[in-house]
Asks: 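First the structure, then my questions, so here it is.
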Number of protein chains: 2
Amino acid sequence: MSPTLPDMICFALYSANQAMQRVYAPLLQKLGLTYPQYLVMLSLWQADGQTVGDLGRALGLESNTVTPLLKRMEAQGLVARSRDGADERQVRVALTDHGRGLQDQVQPLTACIIEACGMPPAEIAELRDRITALRDRLRQAG
Amino acid sequence: MSPTLPDMICFALYSANQAMQRVYAPLLQKLGLTYPQYLVMLSLWQADGQTVGDLGRALGLESNTVTPLLKRMEAQGLVARSRDGADERQVRVALTDHGRGLQDQVQPLTACIIEACGMPPAEIAELRDRITALRDRLRQAG
DNA sequence: TGGTATTCAATCGCTCACGATTAAATCGCA
DNA sequence: TGCGATTTAATCGTGAGCGATTGAATACCA
């Protein structure tokens, strides 16, 4: 007997991530962002001018995913990409005024998500920490 | 200030799911399965002959994702698809002998994953339940 | 200094996910 | 009985994610 789908933590993560993205998607769409684009923006609002590699490390993605993602974001006027002067191998990603301006508009999102989670913020934070700890163990195993 | 990427439970889910799939992928590849295909197989091993709609509900996916997925699985000889005689709208998905036979080969996987999680099974189960509860609340909110 | 190794981003091909739409079968009800 | 509403898969186009590879810039070192 193989285990049941609902019994598996891999499916719990798969379907919870799915559900989370489905809550975010319609809210982000109003700002013209997809979910992965939102994650990139979060990272850039934190530290503007990161390289493609920096962003990849922050998101856990390789250039084969990040580069096309950033190209679409550049086409939408969210970021600008340019080779680093000191090291021409690296590409720096800078927020445009529009991209920077979106930060104010995502402010109300946080409350929506907390509401959707249906549990007190402290409990969310505790669950987040345990999920993060699991992730780090899985990364180490890989 | 927008919150930091590591502070957000959405990113915890995103990156933990990513890490889990990355542990599974090389193991499943030896069996000729992708991760979503593995989830389909788990569901079919549990109940053979489900319809496309049944599988979609089990996985939380629509036919626009499930149909091509099943077509690829059919091309690989894992399943057979056929219209239901009593209701021609529905398509029933049956395991082939090969597909059924794979169940034995995934047996050792469970131990690998528990190992990779780096925590006792009881703790995994508890975390799984909390993630599942979060997912169900998010689904209700959407 | 010259030549090799490494780093970094990009490209290609494939799978998956999803919004929107379509076509066919079935249902329900006047 | 027949016709409109609903259900069910399938299709299409786009964005992500990833294994494998490539090409250019830099680092390293004999």
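The chains referred to below are lettered A, B, ... by the order of the sequence lines, with proteins before strands, and numbering in each begins at 1. Computed from heavy atoms alone, side chains included, the values below leave out hydrogens, waters and symmetry copies.
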Asks: Scan side-chain atoms only and decide if B:Ser15 and A:Arg135 contain a donor-acceptor pair under the 3.5 Å cut-off.
Replies: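 Checked: B:Ser15/A:Arg135 side chains pair up, N/O donor to acceptor below 3.5 Å.
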Asks: Both A:Thr67 and B:Gln37 contact DNA chain C. Which one's nearest nucleotide lies toward the 5' end?
Replies: A:Thr67
Asks: Angle class for the A:Tyr24/A:Tyr35 ring planes (parallel below 30°, perpendicular above 60°, tilted otherwise)?
Replies: tilted
Asks: For a quick check, tell me whether the side chain of A:Thr65 and the base of D:dA16 share a donor-acceptor pair closer than 3.5 Å.
Replies: no
Asks: Measuring from the side chain of B:Gln18 (C-beta onward, heavy atoms only), which nucleotide among D:dT11, D:dA16, D:dC18 has the closest atom?
Replies: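 From the listed options, D:dC18 comes nearest.
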Asks: With nearest nucleotide decided by heavy atoms, which residue, A:Pro36 or B:Val66, maps closer to the 5′ end of DNA chain D?
Replies: B:Val66
Asks: Is a donor-acceptor pair below 3.5 Å formed from side chain A:Asn64 to base D:dG19, judging by atom type as modelled?
Replies: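 Such a pair exists between side chain and base.
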Asks: What's the CG-C1' distance between B:Asp87 and D:dA9, to the nearest Å?
Replies: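 Result: 11 Å.
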Asks: Where the side chain of A:Arg22 is defined as all heavy atoms beyond and including C-beta, which of C:dA10, D:dG17, C:dC18 is the nearest nucleotide?
Replies: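 In terms of side-chain proximity for A:Arg22, the closest of C:dA10, D:dG17, C:dC18 is C:dC18.
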Asks: Using a 4.0 Å heavy-atom cut-off across all strands, classify A:Arg92 as base, sugar-phosphate, or nothing.
Replies: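 It contacts nothing in the nucleic acid.
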Asks: State plainly whether the residues B:Arg137 and A:Glu115 are in salt-bridge range, i.e. N to O under 4.0 Å.
Replies: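 No, this pair does not count.
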Asks: For D:dT11, does either OP1 or OP2 sit under 4.0 Å from a side-chain N or O belonging to B:Lys71?
Replies: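 So the side-chain polar atoms of B:Lys71 do come within 4.0 Å of the phosphate oxygens OP1 or OP2 of D:dT11, strictly under.
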Asks: What about B:Arg72, does its side chain sit under 3.5 Å from the base of C:dT15 through a donor-acceptor pair?
Replies: no
Asks: Look at the side chain of A:Ser63 and decide which nucleotide, out of C:dA10, C:dA17, D:dT8, has an atom nearest to it.
Replies: C:dA10
Asks: Whole angstroms only, please: what is the CD-P distance between A:Glu62 and D:dA16?
Replies: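 In whole Å, D:dA16 P lies 17 Å from A:Glu62 CD.
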Asks: Could you tell me whether B:Arg81 and B:Glu74 make a salt bridge, using a distance below 4.0 angstrom between a side-chain N and a carboxylate O?
Replies: yes
Asks: Could you tell me how far apart A:Arg83 (CZ) and C:dA9 (P) are, to the nearest whole angstrom?
Replies: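 It is 8 Å, rounded to the nearest whole Å.
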Asks: Return no unless some side-chain N or O of B:Thr51 is found under 4.0 Å from OP1 or OP2 of D:dT8.
Replies: no
Asks: Nearest to the side chain of B:Gln90 - D:dG17, D:dT8, C:dA17?
Replies: D:dT8
Asks: I need the CE-C1' distance between A:Met20 and C:dA17, as an integer number of Å.
Replies: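 Taking CE of A:Met20 and C1' of C:dA17, I get 18 Å after rounding.
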Asks: Rounded to the nearest Å, what distance is computed from the CZ atom of residue B:Arg57 to the P atom of nucleotide D:dT8?
Replies: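 It works out to 6 Å between those atoms.
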Asks: In this structure, how many angstroms lie between the P atom of C:dC16 and the CG atom of B:Leu70, rounded?
Replies: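 Roughly 10 Å, once rounded to whole Å.
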Asks: What integer distance in Å separates B:Gln21:CD from D:dG19:P?
Replies: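 Answer to the nearest Å: 11 Å.
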Asks: Which nucleotide wins on minimum distance to the side chain of B:Glu88, given the candidates C:dT26, D:dA25, C:dT15?
Replies: C:dT26
Asks: Do A:Met8 and B:Leu42 touch side chain to side chain, with heavy atoms closer than 4.5 Å?
Replies: yes
Asks: Do the side-chain N or O atoms of A:Tyr14 get closer than 4.0 angstrom to the phosphate oxygens (OP1, OP2) of C:dA17?
Replies: yes
Asks: Can you tell which of C:dC18, C:dA25, C:dA9 lies closest to the side chain of B:Arg89?
Replies: C:dA25
Asks: Answer yes when B:Arg100 and B:Asp48 have at least one side-chain N-carboxylate O distance shorter than 4.0 Å, and no when they do not.
Replies: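 Answer for the salt bridge query: yes.
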Asks: Select one nucleotide: of D:dA10, C:dA10, C:dA25, the one nearest the side-chain heavy atoms of B:Arg81.
Replies: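 Taking heavy atoms from C-beta onward, the closest nucleotide is D:dA10.
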Asks: Using heavy atoms to find the nearest nucleotide of DNA chain C for B:Gln76 and A:Ala25 separately, return the residue whose nucleotide is more 5′.
Replies: B:Gln76
Asks: For the pair made of CG in B:Leu61 and C1' in C:dG19, what is the distance, rounded to whole Å?
Replies: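 Distance, rounded to whole Å: 14 Å.
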